[in-house]
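Values below: all heavy atoms of this structure, side chains included; hydrogens, waters and symmetry mates excluded.
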Amino acid sequence: QVQLVQSGGGSVQAGGSLRLSCAASGRTGRTYAMAWFRQAPGKEREFVAAISSTEGIFGYADSVQGRFTISRENAENTVNLQMNDLKPEETAAYYCAAGRDALGYSSAYDYWGQGTQVTVSS
């Protein structure tokens, strides 16, 4: 009974930045691990970044390391993804997810946001 609502996204030129947010609502009696995934048309969903529920442990896909930052706003029950130096090949629908552990595969997560489109133009 957890609902994830995403905001942010849009269109940006290559090398630009965007910030995505994901807010949890519903029966949130605990703190969840949170993650971001993305999926381009005709391609499989791929892991982007994750953050743990309590210890502050985080991890990134190799392709985004050094450019993307995942963070948690506990008071607002929100997780953010700051994306810098975006590349055209990163055009995709981006999804936030919540689960027990911060792992790099989609089956580890029980709740999903509605997705938001990110378009990066050359």
Would you name the heavy atoms of [X] and [Y] that are closest together and state the gap between them?
X	Y	value
A33	S53	N-CB, 3.7 Å
M34	C22	CE-SG, 3.9 Å
V2	A24	CG1-CB, 4.3 Å

V118 with Y60, same ILVMFWY side-chain cluster at under 4.5 Å: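 They do share one cluster, since a chain of ILVMFWY contacts under 4.5 Å joins V118 to Y60.
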Salt bridge (charged side-chain N to carboxylate O under 4.0 Å, His left out) partners of residues 85-99, not counting sequence neighbours, each pair once: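 Sorted pair list: R38-E90, R67-E90.
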Qualifying salt bridge (charged side-chain N to carboxylate O under 4.0 Å, His left out) pairs, either residue in residues 92-116, two or more places apart: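 Matches after skipping sequence neighbours: none remain.
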How would you list, by chain and number, every residue that makes a side chain to side chain contact (heavy atoms under 4.5 Å, CB included) with [X], sequence neighbours excluded?
X	result
S71	R19, N80
S17	Q82, N84
V12	L18, L86, V120

Contact list for residues 100-122, test ring-ring contact (aromatic ring centres under 6.0 Å, His included), sequence neighbours left out: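 Every ring-ring contact (aromatic ring centres under 6.0 Å, His included) pair that includes a residue of residues 100-122, provided the two are not neighbours, is Y32-Y111, F37-Y109, F37-W112.
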Non-neighbouring partners of F68 that pass ring pair (Phe, Tyr, Trp, His ring centres under 6.0 Å), sequence neighbours left out: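 None.
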Which residues share a side-chain hydrogen bond (donor to acceptor under 3.5 Å, both in side chains) with T69, sequence neighbours left out: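 So T69 forms no side-chain hydrogen bond (donor to acceptor under 3.5 Å, both in side chains) with any residue.
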Distance, nearest 0.5 Å, that separates CD1 of I51 from CH2 of W36: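 Those atoms lie 12.0 Å apart.
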Atom pair CD (Q6) and CG (L81), whose distance is rounded to the nearest 0.5 Å: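 Q6 atom CD to L81 atom CG measures 10.0 Å (nearest 0.5 Å).
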